[in-house]
Amino acid sequence: VRDIVDGFIYVTRISGVDNRVMLSQTVMVHGRKGKQFPGVVAAVPPHLLTEAQRQKYPTWDELIVDVGLPADEVEKWVRIGDPVTVDVPMIELMGHKVAAKAMDDRACVAILTVCLNELSKMHHAWDVYAVGTVQEETGLYGASTAAERIGPDIAIALDVGFAKQPGIEGDDMGAGPVLAIGPNLHPKLTEKLRETAKRYDIKIQDEALAGHTGTDAWAIQISRNGIPTALFSLPLRNMHSPVETADIRDIERTGRLLALFIASLDDDFMPALAWDELKAEA
């Protein structure tokens, strides 16, 4: 919320929300004392638009939320800075697909859940920390804090990537997670994940990222004295929209692959990651 005028709520965006998809959306305004107010993003009828206005999307300055309350009630319960979220249900599509808001990055929390469920049936020697970070979109702050607090020996970041759809040459949905290769990622850790996928016949895809990955991996790798980090991305259609679409099979396969990888780790794994293996053995 950036302003309130005559009971109507003016909004601005936090990070990567796309103004093109906001018009006429249903939203939830998170007001004071835990109160929530359903609302709609108001739309000026086309009859009242000029020809020029019909040719463009409303800017953030032009988007207004209507919760239906009198002005004094809105002023009582809503203040500038309160968050407004899109309020849409997840729907099941055909072909093992689901669409929902915030699959970037709640889908990766689902991957972690699958991983932990699988690990509960396996023996694993290493301690495991599953972290759902905040503020990845606004500066990787949650990842920086978690990496500093936990101090892991190795880390695997999870995020989403662009899946193929008209106009986008992305990755294939249903063909498994995308394993990143690049200077932000540890090559030997990445290769170990690839070997695990091959051993258990789990499909993965490759992606070359020559610089900043734009993910939590970027912050984790440079934490403390440096943390060997790998990155898996889940192919996602319609990113940063209320209908982000993922393939359930990719979520399940990624979680299972992570569990199998963790279960394969032994005491010799960390020395094997060293750049100078002779020095590590000594």
Side-chain angles (χ1 to χ4, degrees), residues 1-95 97-110 132-139 142 159-160 162-163 165-168 234 236-248:
V1 175
R2 68 172 177 84
D3 201 2
I4 302 171
V5 180
D6 296 329
F8 293 97
I9 299 169
Y10 289 78
V11 295
T12 189
R13 72 175 186 172
I14 299 174
S15 186
V17 182
D18 189 346
N19 60 295
R20 297 177 307 158
V21 301
M22 287 305 302
L23 193 62
S24 301
Q25 289 286 349
T26 55
V27 297
M28 188 68 68
V29 179
H30 304 268
R32 302 182 188 186
K33 298 183 179 180
K35 287 187 175 292
Q36 296 184 337
F37 302 94
V40 295
V41 180
V44 177
H47 320 66
L48 304 179
L49 296 176
T50 66
E51 185 62 29
Q53 289 173 324
R54 293 176 189 169
Q55 303 304 315
K56 64 185 183 106
Y57 294 102
T59 66
W60 281 102
D61 288 341
E62 297 170 314
L63 292 177
I64 304 170
V65 173
D66 182 2
V67 297
L69 290 175
D72 58 340
E73 285 291 299
V74 177
E75 294 279 357
K76 177 181 178 181
W77 295 110
V78 181
R79 57 188 170 187
I80 292 173
D82 284 345
V84 180
T85 56
V86 177
D87 187 30
V88 297
M90 186 180 82
I91 60 172
E92 294 188 32
L93 306 177
M94 305 301 291
K97 310 293 193 305
V98 291
K101 67 170 186 176
M103 296 293 272
D104 174 12
D105 210 16
R106 293 190 301 179
C108 292
V109 176
T133 62
V134 297
Q135 296 184 308
E136 184 264 350
E137 294 283 353
T138 55
D159 211 313
V160 298
F162 299 106
Q165 64 184 94
I168 298 177
L234 181 77
L236 194 74
R237 292 179 188 157
N238 313 315
M239 194 184 298
H240 284 206
S241 80
V243 290
E244 295 180 327
T245 304
D247 193 311
I248 291 293

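Panel note: side chain Glu62, backbone Thr59; a donor-acceptor pair is recorded below 3.5 Å. Between the side chain of Arg2 and the backbone N or O of Asp61, at least one donor-acceptor pair lies under 3.5 Å. The closest donor-acceptor contact from the side chain of Thr26 to the backbone of Asp87 lies under 3.5 Å. Without hydrogens or angle criteria, Gln165 side chain to Asn238 main chain gives a donor-acceptor distance under 3.5 Å. Side-chain atoms of Glu73 never come within 3.5 Å of backbone atoms of Pro70 as a donor-acceptor pair (strictly under, hydrogens ignored). Remark: side-chain polar atoms of Lys97 are paired, donor with acceptor, to backbone N or O of Gly95 under 3.5 angstrom. Under the 3.5 Å distance criterion, the side-chain polar atoms of Asn19 are matched with a main-chain donor or acceptor of Pro58.
Proximity of Val5 to Tyr10: side-chain heavy atoms (C-beta onward) are separated by under 4.5 Å at one or more points. The shortest distance between side-chain heavy atoms of Lys101 and Arg106 falls below 4.5 Å. Counting only heavy atoms from C-beta outward, the side chains of Glu137 and His240 approach each other to under 4.5 Å. Looking at Val17 and Trp60, their side chains come closer than 4.5 Å, going by heavy atoms from C-beta outward. Here the side chains of Val86 and Met22 are in contact, with some heavy-atom distance below 4.5 Å. Contact of the Glu136 side chain with the Asp105 side chain is not registered, since no non-hydrogen atoms from C-beta on lie closer than 4.5 Å. Between Leu234 and Met103 the shortest side-chain heavy-atom distance does not fall below 4.5 Å.
Here the closest non-hydrogen pair linking Met28 and Pro38 is SD-N, 3.6 Å. Between Val21 and Pro242 the shortest heavy-atom distance is CG2-CD, 3.7 Å. Thr245 and Ala99 get closest at one heavy-atom pair: OG1-CB, 3.6 Å. Here the shortest heavy-atom pairing between Ala246 and Leu236 reads CB-CD1, 3.8 Å. Taking all atoms of both residues into account, the shortest heavy-atom contact from Arg32 to Glu75 is NH2-O, 4.1 Å.
The environment of CD1 in Ile14 is sparse: at most 12 heavy-atom neighbours from other residues, nucleotides or ligands sit within 6.0 Å. Glu92 CD: 12 or fewer foreign heavy atoms inside a 6.0 Å radius.
The structure places CD1 of Ile64 at 11.0 Å from CD1 of Ile9, a figure rounded to the nearest 0.5 Å. Within the model, atoms CG of Asp18 and CE of Met239 stand 12.5 Å from one another, a figure rounded to the nearest 0.5 Å. Expressed to the nearest 0.5 Å, how far CD of Gln36 lies from OG1 of Thr85 amounts to 7.0 Å.
No option in Asp66, Asp72, Val67 other than Val67 meets the side chain to side chain contact (heavy atoms under 4.5 Å, CB included) test with Leu69.
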Candidate pair Asp159 and Asp104, rule side chain to side chain contact (heavy atoms under 4.5 Å, CB included), full reasoning: CA-CA 7 Å; Asp159 211 313; Asp104 174 12; 3.7 Å; yes
